[in-house]
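For ligands, and for the atoms within them, numbers begin at 1 and follow the listed sequence. When a residue number appears, it is its place in the shown sequence, counting from 1. Heavy atoms only: backbone and side chains are in, while hydrogens, waters and symmetry mates are out.
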Amino acid sequence: MYPQSFEYITPRTLKDAVKFLKEHEGESKILAGGQSLIPILKMRFASFGYIVDIGGLQDLSYIKRDGDNIRIGALVRTGEVEDSQEIRMNNILLAEAASQVADSQVRNMGTIGGNCVHGDPGNDLPSVMLALDATYRITGPDGSRDVRASSFYKDSYSTDLGETEILTEIVVPVIQHGSGGAYVKHKRRSGDFSIAAVAAFVTINELGNCGTARIAVTSIGPINFRSRKAEDFLVGKKLSDQNISKAVDLMVDSVEPATDPYGSATFKKEVLRLVGLEALSKATDRALGV
Ligand SMILES: Cc1cc2nc3c(=O)[nH]c(=O)nc-3n(C[C@H](O)[C@H](O)[C@H](O)COP(=O)(O)OP(=O)(O)OC[C@H]3O[C@@H](n4cnc5c(N)ncnc54)[C@H](O)[C@@H]3O)c2cc1C
């Protein structure tokens with residue numbers, strides 16, 4: 001199917017883009033890599049008078065080390081995240097998840113920003129951002145503001161992003177010695193969205209116990225979310241197989257996935273258990289350096 005007709009706008013600067021969105025509030029939509037928006041337009045799930053293609057804003061395409069953080073421009077392609085030496089060396093959780101998004105064609109076009117703001121609970125990178133406690137820099141007509149990923153997701157396809165705002169940058173921490181992260185995803189076929197996936201991040205404290213645990217889930221509810229019950233259980237305890245298993249039980253017992261073509265609720269819970277166990281075990285091994 002062809003999309004309904006629209007006017008195609010190519011702003012030359014971020015300021016021009018924001019100005020246009022403000023002047024045409026309610027009628028315009030940002031286009032980045034197009035890997036989610038184009039299918040929506042073609043299937044006529046939505047239509048807009050103006051499509052504002054920000055792909056030409058080269059200023060939003062960078063990966064920079066900044067002290068203990070890595071700053072990533074919103075237009076960096078998922079494939080560039082996967083291949084970046086800076087990210088592979090200093091944030092394996094993000095590189096690992098990026099490499100599991102869709103297939104190489106989608107990763108070559110889709111952007112990190114689009115993946116994170118689209119609001120699809122099946123998208124992989126929002127869970128990574130929750131586990132990393134990432135910050136989103138958002139620019140709108142009234143200037144810029146920072147929002148933590150943990151307060152960004154409201155409901156399916158509903159986020160804290162206003163209609164006249166643009167995500168410009170994502171800030172993730174460098175994963176330090178004594179910390180570890182992992183992303184484990186189970187899907188039916190290569191290139192698919194997951195049946196369930198888990199992003200896990202843990203730190204080890206001076207007593208050798210869990211200092212911080214952030215465990216985020218993909219594809220199991222209306223939004224990507226953190227399992228606070230599992231996290232609270234782990235903090236202060238040894239990251240033993242037994243405790244990891246108990247934390248995963250708490251996570252699985254607290255969810256109610258829908259039965260749909262991806263599988264029954266029971267099946268999805270079992271998949272969540274397996275990916276949760278693997279992600280937490282892998283993150284722990286990385287934190288311990290084994
Ligand atoms: C076949 C296929 C398989 C896929 N499988 C997976 C998968 O396994 N895992 C996964 O995570 N994703 C998957 N995706 C989704 C893909 O990763 C998309 O690229 C991503 O969701 C959107 O990024 P984009 O740059 O293409 O955004 P676009 O499609 O251009 O935009 C998506 C939405 O985000 C908004 N937007 C984009 N950038 C910004 C910005 N900087 N500021 C404000 N709003 C913005 C747009 O207005 C739109 O609402 C798949 C897509 C396809 C087509």
With a 4.0 Å cut-off on heavy atoms, does Pro39 reach ligand 1?
-> no

Atom indices of ligand 1, in the order listed, that fall short of 4.0 Å to a heavy atom of Ile54 = 41 (N)

Report yes if some N/O of Ala32 lies less than 3.5 Å from some N/O of ligand 1; otherwise report no.
-> yes

Aromatic Tyr262 / basic Arg188 pairing, under 6.0 angstrom, 45° off normal = yes

Greater than 12 external heavy atoms within 6.0 Å of Lys19's NZ | no

Sub-4.0 Å heavy-atom contact, Asp120 with ligand 1 = no

Ligand 1 versus Thr168: contacting region, heavy-atom distance under 4.0 Å | neither

Any chain of hydrophobic side-chain contacts (each under 4.5 Å) joining Val76 to Ile30?
-> no

Is any N or O atom of Ala74, backbone or side chain, closer than 3.5 Å to an N or O atom of ligand 1?
-> no

Can an N or O of Thr111 be found at a distance shorter than 3.5 Å from an N or O of ligand 1?
-> yes

Does Lys269 reach the main-chain N or O of Val255 with its side chain, forming a donor-acceptor pair under 3.5 Å?
-> yes

the protein heavy atom lying closest to atom 21 (O) of ligand 1 turns out to be Ser36 OG, 2.8 Å

Which residue holds the protein heavy atom closest to atom 31 (O) of ligand 1, what is that atom called, and what is the gap in Å?
-> Leu37 CB, 3.9 Å

Are Asp16 and Phe20 close enough that some pair of their side-chain heavy atoms sits under 4.5 Å apart?
-> no

Can Lys185 be said to sit on top of Tyr183's aromatic six-ring, NZ or CZ under 6.0 Å from centre and within 45° of the ring axis?
-> no

Roughly how far, to the nearest 0.5 Å, is the CD atom of Glu80 from the CD1 atom of Ile112?
-> 10.0 Å

Qualifying residue, where the test is side chain to side chain contact (heavy atoms under 4.5 Å, CB included) with Asn91 and the options are Val81, Asn69, Val172 | Val172

From the options Ala102, Gly73, Ser28, select the one whose nearest heavy atom is closest to atom 4 (C) of ligand 1.
-> Ala102

Within a strict 4.5 Å, meaning less than it, do heavy atoms of the Ser245 and Leu277 side chains meet?
-> yes

Test salt bridge (Lys or Arg N to Asp or Glu O under 4.0 Å) on Arg145 and Asp160 and set out the steps.
-> CA-CA 11 Å; Arg145 62 191 179 101; Asp160 190 46; 2.8 Å; yes

Do Phe225 and Pro126 come close enough that some side-chain heavy atom pair is under 4.5 Å?
-> no

Identify the protein heavy atom lying closest to atom 19 (O) of ligand 1, giving its residue, its atom name and the separation to 0.1 Å.
-> Gln35 CB, 3.1 Å

The protein heavy atom nearest to atom 41 (N) of ligand 1 is Leu167 O, 3.0 Å

Taking atom 14 (N) of ligand 1 as the reference point, the nearest protein heavy atom with its distance = Phe193 CZ, 3.4 Å

Are any of the N or O atoms of Ile30 closer than 3.5 Å to those of ligand 1?
-> yes

Which of the atoms of ligand 1 are close to Asn115, meaning less than 4.0 Å from one of its heavy atoms?
-> 10 (C), 11 (O), 12 (N), 17 (O), 20 (C), 21 (O), 22 (C), 23 (O)

Nitrogen or oxygen of Gly110 less than 3.5 angstrom from that of ligand 1 = no

Relative to ligand 1, is Leu75 under 4.0 angstrom through side chain, backbone, both or neither, heavy atoms considered?
-> neither

Output the distance between atom CE (Met1) and atom CZ (Arg44), rounded to the nearest 0.5 Å.
-> 6.5 Å

Contact atoms of ligand 1, heavy-atom distance to Asp192 under 4.0 Å = 8 (O)

Report, in ascending order of atom number, the atoms of ligand 1 lying under 4.0 Å from any heavy atom of His118.
-> 32 (C), 33 (C)

Among non-hydrogen protein atoms, atom 24 (P) of ligand 1 lies closest to Gly33 N, 3.5 Å

Under 3.5 Å: donor-acceptor pair, side chain of Arg286, backbone of Gly181 = yes

Work out which heavy atom in Val18 is nearest to a heavy atom in Ile166; give both atom names and the distance.
-> CG2-CD1, 4.1 Å

heavy-atom search around atom 27 (O) of ligand 1 in the protein gives Gly114 CA, 3.7 Å

Under 4.0 Å from a heavy atom of Asp124: give me the atoms of ligand 1 that qualify, with their elements.
-> 7 (C), 8 (O), 9 (N), 10 (C), 11 (O)

Under 4.5 Å between any side-chain heavy atoms of Leu274 and Val248, yes or no?
-> no

Examine Gln100 against ligand 1 and note whether any of their N/O atoms are separated by less than 3.5 Å.
-> no

Answer with side chain, backbone, both or neither: which part of Val106 has a heavy atom less than 4.0 angstrom from an atom of ligand 1?
-> side chain

Mind checking whether Arg77 contacts ligand 1 via backbone (N, CA, C, O), side chain (CB onward), both or neither, at a 4.0 Å heavy-atom cut-off?
-> neither

Taking only non-hydrogen atoms of Gly34 and a 4.0 Å limit, the atoms of ligand 1 in range are 24 (P), 26 (O), 27 (O), 28 (P), 29 (O), 30 (O)

Consider only side-chain heavy atoms of I, L, V, M, F, W and Y, link residues closer than 4.5 Å, and tell whether Tyr153 and Tyr157 are in one cluster.
-> no

If two hydrophobic side chains count as joined below 4.5 Å and joins carry through other members, does Val252 share a cluster with Leu250?
-> yes

What atoms of ligand 1 come within less than 4.0 Å of a heavy atom belonging to Leu161?
-> 43 (C), 44 (N)

Would one find an N or O of Met109, backbone or side chain, under 3.5 Å from an N or O of ligand 1?
-> no

For atom 34 (O) of ligand 1, what's the nearest protein heavy atom and its distance?
-> Val117 CG2, 3.5 Å

Would you mind listing which atoms of ligand 1 come within a distance below 4.0 Å of any non-hydrogen atom of Lys185?
-> 7 (C), 8 (O), 9 (N)

